[in-house]
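What follows is one structure encoded as structure tokens, with my remarks underneath.
Basis for what follows: all heavy atoms, side chains included, without hydrogens, waters or symmetry-related copies.
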Amino acid sequence: MPEKQPSTPTVLAVIPARGGSKGVPAKNLAPVAGIPLVGRAVRACLGAPGVTDVVVSTDDGAIAAAARSFGAGAVRRPAEIAGDTATSESAVRHALETFEAEHGRTVDVVLLVQCTSPFLTAAEVAETAARVASGAADTAFTAAPSHGFLWKETADGATGVNHDKAHRPRRQDRAAEYLETGAVYAMDAAGFRLHGHRFFGRTALVVTDPARVLEIDDPHDLARAQALAPLLDTPLTPSLADVDAVVLDFDGTQTDDRVHLDAEGREFVSAHRGDGLGIAALRRAGLPVLILSTEQNAVVAARARKLRIPVLHGIDRKDLALKEWCEAEGIDPARVLYAGNDVNDLPCFHLVGWPVAVSSAHDSVRAAARAVTVTPGGFGAIREIAAWLLGPELNTPAPPNP
């Protein structure tokens, strides 16, 4: 008779995400590399082997909608545990009990995952969960190694906390200490129900890269995260399977953002032939392509005619025009790639699933983008995007040095 195999444990990741935030308004919806913080946390949890279910605990409808759009469930948090003084444990306990009541399953391991840690990886979530699911520990959390000398002020002056100030050993001669990152905690669910807090029994450390440790508490932290994302995030570009339509800004995206004027004040711009080739390839692949521009300029319409694609120009609210176009075409905005370069593109970035900035874009646009081209606007950036979708043979030659 075959041996009975153990059932797969239910590992529930709970992401607390209140709507109110004093330090950063609407913090949990703030984008880093084009993805709201709550979405980044959901993606890390869903990508973690061993995690079976992911829910976001929130009192905010917009956060709940964002959580569902990224594939998580949403648990409405009662007002009594949604204030500034409410603990994360209270949110986890409520979400745990709600999940079990709704799904009729007992949770074996529960995770507390903070979306204020934007560079949390799926591997870190998986390892933290595995330490408890395997029985190696009752609780586990992510921590970063530190060799720093800590001090505190006393009535007699500053004194060392983790060292004797009269003895300064070299870094390599000191054992590492560990800084709690606040990113993810794992707990045996039965023990959590009993003790009511995140540390009990045997606790395990999951050591993480200190370069990735950042907790967003104020606008400066958010700005740092947005600046660091291109360096710390795994490069990610869409494939044809991810996109149902391509929408392109014009000035600064299909041009180098310069305008040439003749004596009569007529405007001229420079376009890249490689972009035309890329757009033609997208059309042949059956992808709808649209030019969307705020400029009421004959050259925009002329370029669209040359490329044989539709154009909407002289548009004040590009996001509304894009939404109406998607509705008319029956296209889900979450499957639209929008390429832009300046701040008037940001409302469209927040609407679509694939906001893309050309490399010469404004810093705020690059920070909000999900992907950034290597090529600047006007030098073949659109052809580069076409190569992401259709294959590397469309790659653009390197642009000339400025």
Side-chain angles (χ1 to χ4, degrees), residues 13-45 47-48 54 56-58 60 63 66-67 70 72 77 82-92 95 110-129 139-148 150 161-162 176-187 197-199 203-234 367-368:
V14 179
I15 303 169
R18 293 189 304 114
S21 174
K22 293 180 179 178
V24 182
K27 175 172 66 175
N28 291 314
L29 291 174
V32 171
I35 306 295
L37 288 175
V38 66
R40 292 176 70 94
V42 168
R43 283 178 22 171
C45 293
V54 181
V56 172
S57 168
T58 186
D60 185 274
I63 292 175
F70 282 92
R77 196 188 309 185
D84 291 341
T85 59
T87 65
S88 297
E89 280 86 350
S90 65
V92 172
V110 62
L111 307 182
L112 163 59
V113 179
Q114 305 278 23
C115 49
T116 49
S117 296
F119 302 117
L120 173 67
T121 67
E124 290 165 347
V125 176
E127 185 175 353
T128 308
T139 59
F141 67 99
T142 51
S146 171
H147 289 84
L150 297 181
V161 173
N162 61 348
E177 295 175 312
Y178 294 90
L179 173 69
E180 187 177 329
T181 69
V184 57
Y185 304 83
M187 296 150 284
H197 60 83
R198 69 189 76 175
F199 295 118
T203 298
L205 290 174
V206 175
V207 180
T208 64
D209 180 359
R212 303 182 64 84
V213 176
L214 173 61
E215 190 166 3
I216 295 178
D217 290 319
D218 59 41
H220 299 292
D221 297 329
L222 179 60
R224 287 174 58 209
Q226 292 171 336
L228 287 170
L231 300 176
L232 296 180
D233 282 350
T234 301

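- Between atom CG of residue L120 and atom OG1 of residue T142 there is a gap of 7.0 Å, rounded to the nearest 0.5 Å.
- Judged by distance alone, the side chain of R40 and the main-chain N or O of I35 form no donor-acceptor pair under 3.5 Å.
- When every heavy atom of V110 is checked against every heavy atom of V14, the shortest pair comes out as CG2-CG2, 4.0 Å.
- The minimum heavy-atom distance linking C45 with V54 is given by the pair CB-CG2, 3.6 Å.
- A227 approaches P230 most closely through the heavy-atom pair O-CD, 3.3 Å.
- We find the CG-CG distance between L214 and L232 to be 9.0 Å, quoted to the nearest 0.5 Å.
- Looking at Q226, its side chain does come within 3.5 Å of a backbone N or O of P31 through a donor-acceptor pair.
- The backbone N or O of A17 lies less than 3.5 Å from a partner atom in the side chain of T58, making a donor-acceptor pair.
- What you find for V207 and P145 is that their closest heavy atoms are CG1-CD, 3.6 Å.
- With rounding to the nearest 0.5 Å, the separation of OG in S88 from CD in Q114 is 4.5 Å.
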Point to revise | Intermediate values then yes/no, side chain to side chain contact (heavy atoms under 4.5 Å, CB included), D233 and F119 | key: CA-CA 7 Å; D233 282 350; F119 302 117; 3.7 Å; yes
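- Interatomic distance, CG of L222 versus CG of D217, reported as 11.0 Å (0.5 Å rounding).
- Y185 and E89 form no side-chain donor-acceptor contact under 3.5 Å, judged by distance and modelled atom types alone.
- Annotation for A143 and Y178: closest pair CB-CB, 3.9 Å, computed over non-hydrogen atoms.
- When all heavy atoms are compared, the tightest approach of V38 to C115 is CA-CB, 3.9 Å.
- Atom NE2 of H220 sits in a sparse spot, with 12 or fewer heavy atoms from other residues, nucleotides or ligands closer than 6.0 Å.
- Taking CZ of R212 as the reference point, atom CG of L231 lies at 11.0 Å (rounded to 0.5 Å).
- Counting only heavy atoms from C-beta outward, the side chains of P16 and R77 approach each other to under 4.5 Å.
- Counting heavy atoms from C-beta outward, M187 and L112 have side chains that approach closer than 4.5 Å.
- Judged by distance alone, the side chain of N28 and the main-chain N or O of R18 form a donor-acceptor pair under 3.5 Å.
- Here L37 contributes atom CG and K27 contributes atom NZ; the two are 8.5 Å apart, rounded to the nearest 0.5 Å.
- Remark: of the listed residues T203, V184, V206, T203 is the sole one forming a side chain to side chain contact (heavy atoms under 4.5 Å, CB included) with F141.
- With a 4.5 Å cut-off on side-chain heavy atoms, T181 and S117 do not count as touching.
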